Number of protein chains: 2
Amino acid sequence: MVEENADADLLFLDLNMPGVSGFSALAWIRSNHASLPTVIVSAADDPAIIRRSIQHGASGFIPKSSPIGTLEAGIRAVLDGEVWVPEGIDLRDDRLDSEEAKIAMALSSLTPHQFRVLMMLGEGLLNKQIAFQLGVSEATIKAHVTAVLRKMNVNNRTQAVLAVQQLRISAPSLLDSGSGGDAAT
Amino acid sequence: MVEENADADLLFLDLNMPGVSGFSALAWIRSNHASLPTVIVSAADDPAIIRRSIQHGASGFIPKSSPIGTLEAGIRAVLDGEVWVPEGIDLRDDRLDSEEAKIAMALSSLTPHQFRVLMMLGEGLLNKQIAFQLGVSEATIKAHVTAVLRKMNVNNRTQAVLAVQQLRISAPSLLDSGSGGDAAT
DNA sequence: GAGGCTATTATCCAATAGTCGAATCCGGTT
DNA sequence: AACCGGATTCGACTATTGGATAATAGCCTC
């Protein structure tokens, strides 16, 4: 849709759209339509998610629970070139997880069709099914898939899908990174 | 490890172990070793995660930040057959998301080897690599994979991996669907 | 108009994935 | 001891995937 509406002034983007996992779309749109301010509208209000949205290039974040007035103020602010987040959200000290940044960058380099194909890989579809849905030959899809694997630096579609999954809405800040044995007794 | 220590009295399980995504291991262990009380020990303290742990059959949840005394009390309670969660966590109204329950049930039906193979699929490994790591022929792995696909009711490994990913630690309560509304931290 | 990038398709080939049937092993029963 | 159901193992066969190469066409830029 973004491709077909290149003259839009503003984009409202819902995280967790079916068929597009988490921040993938945001990361791609930010690079391929840099002049299109994007506001995340989400039911989530987790500070970690808000921060990640901004890190991925969103111009604003407006929880669905916001009163109309806030929505309006947010839109005005973003159209004025500002970054808008709910009150009380601290954006300092923000740096994107390096692994996540790497994946986002790879996504950015994809062409529109390649991105589309990748999202469909993420639904576990066969090349043949993707070809049918997009109305092109399977050979074309294979070419796209090959290009995607190369750009994402992975060896097969499953790994590509797993990489994309890392941009899902989950709360990395809540996890731990250390690990050690767990044992029983 | 659980398979090799069938006589254990209690299992401490860390969510997000490398190679086992989220609640997968818990779901499987609960069905295949029903008499083994399992306590989740995690750095996370999100009420949603704690609730999901109990829903998946954990006997207790102890945040890593807990003082020793609490840890001890929790262990005693669980060994006495009780369910232990941090103070202030409300467990009422608990029903597992139906899609998630379906996946957990499918996982439960897997044999030890099949489960192991599935977890390795989740790392994007080739059949050949799995075969090597487990010291069996590739044909054997293929057979296991086929069995897994059948039990999980999917058509290919990518779909199987995606299903397992749904049991990752992410906070469904933070996404749309209404209800909850606990902003952590 | 030339050069560069994307998209499309095709063909050929090697590797990987998935299905089927069958042999073997193992624990528990009869 | 014979039997049974299952888990595990494996080889043969087929389908899908991924890589390499090439050709055509459209689009944008210089």
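Bear in mind the structure is a predicted one, so any value in this text is a computation, not a measurement. Letters A, B, ... are given to chains in the order of the sequence lines, protein chains preceding strands, and every chain is numbered from 1. Any value given below was found using the heavy atoms of this structure, including those in side chains, with hydrogens, waters and symmetry copies removed.
Atom CD in B:Gln114 sits about 9 Å away from atom C1' in D:dT8, given to the nearest Å. Whole-Å rounding puts the A:Asn32 CG to C:dT6 C1' distance at 13 Å. Atom CD of B:Gln159 is separated from atom P of C:dA17 by 15 Å (rounded to the nearest Å). Atom CD1 of A:Ile130 and atom P of C:dT9 are 14 Å apart (whole Å). In this structure, the CG atom of A:Leu134 is 18 Å from the P atom of C:dT6, given to the nearest Å.
The nearest heavy atom of DNA chain C to A:Lys151 and to A:Thr140 marks one nucleotide each, and the one closer to the 5' end goes with A:Lys151.
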Next item on the list: Going 5' to 3' through nucleotides 14-26 of chain D, assign each nucleotide B (protein heavy atom under 4.0 Å from a base atom), S (under 4.0 Å only from sugar-phosphate atoms) or - (no protein heavy atom that close).
Entry: --SBBSS------

Check: Using a cut-off of 4.0 Å between protein heavy atoms and nucleotide atoms, how would you tag nucleotides 23-28 of chain C 5' to 3' with B, S and -?
Finding: ------

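The shortest side-chain heavy-atom distance between B:Leu149 and B:Asn155 does not fall under the 4.5 Å cut-off. When side chains are defined from C-beta on, B:Ile49 counts as touching B:Phe61, because their heavy atoms get closer than 4.5 Å. Within the 4.5 Å cutoff, side-chain heavy atoms of A:Met152 are placed close to those of A:Leu118. Counting heavy atoms from C-beta outward, A:Arg30 and A:Ser108 have side chains that stay 4.5 Å or more apart.
Note on the helix from C:dG1-D:dC30 to C:dT30-D:dA1: terminal axis deviation equals 20°, with five pairs used at each end and the result rounded to 10°.
Legend: residues meeting ring pair (Phe, Tyr, Trp, His ring centres under 6.0 Å) with A:Phe115, ordered by chain and number and at least two apart, are A:Trp28. Partners of A:Thr111 under the side chain to side chain contact (heavy atoms under 4.5 Å, CB included) rule, at least two apart in sequence or in another chain, are A:His113, A:Gln114, A:Lys151.
Shortest non-hydrogen contact noted between A:Leu79 and A:Asp9 is CD2-O, 4.0 Å. Between A:Leu162 and B:Gly122 the shortest heavy-atom distance is CD1-O, 3.2 Å.
For residues 66-76 of chain A, the salt bridge (charged side-chain N to carboxylate O under 4.0 Å, His left out) pairs, not counting sequence neighbours, are A:Glu72-A:Arg76.
Between the side chain of B:Asp46 and the backbone N or O of B:Ala48 there is at least one donor-acceptor pair closer than 3.5 Å.
Between C:dT6 and A:His144, no contact under 4.0 Å exists linking OP1 or OP2 to a side-chain N or O. One finds no side-chain N or O of A:Ser137 lying less than 4.0 angstrom from the OP1 or OP2 phosphate oxygen of C:dT8.
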Next item on the list: Give the intermediate values and the outcome of side chain to side chain donor-acceptor pair (under 3.5 Å) for residues B:Ser59 and B:Thr38.
Entry: CA-CA 5 Å; B:Ser59 299; B:Thr38 303; 6.0 Å; no

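Residue B:Thr111 is in sugar-phosphate contact alone, with no base atom involved, counting any heavy-atom pair closer than 4.0 Å across all strands shown.
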